Amino acid sequence: MIDRLEKEVDMLERHLQVLRMVLEREPIGIVKMSNETGYPHHKVRYSLRVLEEEDLIEASSQGAITTERTEEFVDELDDKVDEIIEKLESMKIDTGEAEV
């Protein structure tokens, strides 16, 4: 159960790392992203596809670029991550044992 969540978080981390690279260096291509992140080409391509489906990036002849929606997403991201962290914190099971 927790393993699936951990895999999803890892994938989200990769998607956001790819998005960050596009934000900082647009236009940027798959090969450059793969070389700089160490992720295989197919994983970078998948992240780009997910980001494109979310309308956060689009393809150009020079590589991936941001869209009009990207800035709004980035502005809201920290708050959403904080909300998720709070939710996860509330899910912890306290056994009442003192930590040593």
Side-chain angles (χ1 to χ4, degrees):
M1 183 168 53
I2 296 297
D3 292 343
R4 283 194 317 244
L5 176 60
E6 196 171 13
K7 286 177 184 174
E8 286 292 324
V9 170
D10 289 345
M11 191 173 4
L12 178 60
E13 180 181 32
R14 185 180 75 233
H15 296 339
L16 293 176
Q17 185 175 4
V18 168
L19 178 60
R20 188 176 294 114
M21 290 185 81
V22 175
L23 281 162
E24 293 171 355
R25 302 214 198 81
E26 65 181 309
I28 186 168
I30 291 172
V31 173
K32 186 170 188 120
M33 281 190 257
S34 178
N35 290 341
E36 292 186 20
T37 62
Y39 294 128
H41 291 171
H42 71 278
K43 289 195 175 196
V44 172
R45 187 176 291 111
Y46 178 73
S47 291
L48 289 169
R49 186 175 338 122
V50 168
L51 294 168
E52 191 170 11
E53 287 172 1
E54 293 292 323
D55 195 31
L56 297 174
I57 64 162
E58 59 187 32
S60 77
S61 57
Q62 292 84 29
I65 57 173
T66 57
T67 67
E68 292 177 10
R69 172 146 160 53
T70 310
E71 185 178 345
E72 176 187 348
F73 174 82
V74 170
D75 289 345
E76 296 172 354
L77 180 63
D78 286 351
D79 288 339
K80 292 203 182 274
V81 169
D82 288 341
E83 287 174 20
I84 293 168
I85 289 170
E86 284 181 32
K87 187 177 276 189
L88 289 169
E89 286 287 339
S90 73
M91 295 168 65
K92 288 182 177 180
I93 298 175
D94 184 8
T95 59
E97 295 178 24
E99 291 187 28
V100 178

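Given the structure is predicted, the values throughout are model-derived calculations rather than measurements. These values consider heavy atoms only, across backbone and side chains, with no hydrogens, waters or symmetry-generated copies.
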Measuring from [X]:[atom1] to [Y]:[atom2], what's the distance to the nearest 0.5 Å?
X     : Y     : atom1 : atom2 : value
Glu26 : Gln62 : CD    : CD    : 11.0 Å
Glu72 : Leu56 : CD    : CG    : 9.5 Å
Asp75 : Lys80 : CG    : NZ    : 12.0 Å
Ile28 : Glu36 : CD1   : CD    : 5.5 Å
Leu16 : Leu12 : CG    : CG    : 4.5 Å
Thr66 : Phe73 : OG1   : CZ    : 13.0 Å

Could you please spell out the steps behind the side chain to side chain contact (heavy atoms under 4.5 Å, CB included) verdict for Leu51 and Thr70? CA-CA 10 Å; Leu51 294 168; Thr70 310; over 6 Å; no
Flag for Thr67-Glu58: side-chain donor and acceptor within less than 3.5 Å: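 Checked: Glu58/Thr67 side chains show no N/O donor-acceptor pair below 3.5 Å.
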Would you say [X] and [Y] are hydrophobically clustered, going by side-chain heavy atoms of ILVMFWY under 4.5 Å?
X     : Y     : value
Leu19 : Tyr46 : no
Met91 : Val81 : no
Met11 : Val18 : no

Between Tyr39 and Gln17, does a side chain to side chain contact (heavy atoms under 4.5 Å, CB included) hold up when you go through it step by step? CA-CA 11 Å; Tyr39 294 128; Gln17 185 175 4; 2.9 Å; yes
Within residues 5-15 or reaching into it, pairs that qualify as side chain to side chain donor-acceptor pair (under 3.5 Å) - sequence neighbours excluded: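 Applying side chain to side chain donor-acceptor pair (under 3.5 Å) to every pair that reaches into residues 5-15, excluding sequence neighbours, yields Arg14-Ser47, His15-Ser47.
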Could you tell me if the side chain of Leu5 sits less than 4.5 Å from the side chain of Leu88, heavy atoms only? yes
For Glu76, does the CD atom have more than 12 heavy-atom neighbours from other residues, nucleotides or ligands under 6.0 Å away?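 Buried by this count: over 12 neighbours within 6.0 Å.
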Tell me, with the steps shown, if Leu48 and Met33 meet side chain to side chain contact (heavy atoms under 4.5 Å, CB included). CA-CA 10 Å; Leu48 289 169; Met33 281 190 257; 3.7 Å; yes
Can you list everything that forms a salt bridge (charged side-chain N to carboxylate O under 4.0 Å, His left out) with Arg69? Sequence neighbours excluded, please.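 So Arg69 forms no salt bridge (charged side-chain N to carboxylate O under 4.0 Å, His left out) with any residue.
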If the test is side chain to side chain contact (heavy atoms under 4.5 Å, CB included), which one of His41, His42, Arg45 qualifies with Ser34?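 Checked His41, His42, Arg45 against Ser34; only one passes side chain to side chain contact (heavy atoms under 4.5 Å, CB included): His41.
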Of all heavy-atom pairs linking Ile65 and Pro27, the shortest is CG2-CB, 3.7 Å
Nearest non-hydrogen partners of Ala64 and Ile57, listed with the distance: CB-CD1, 4.2 Å
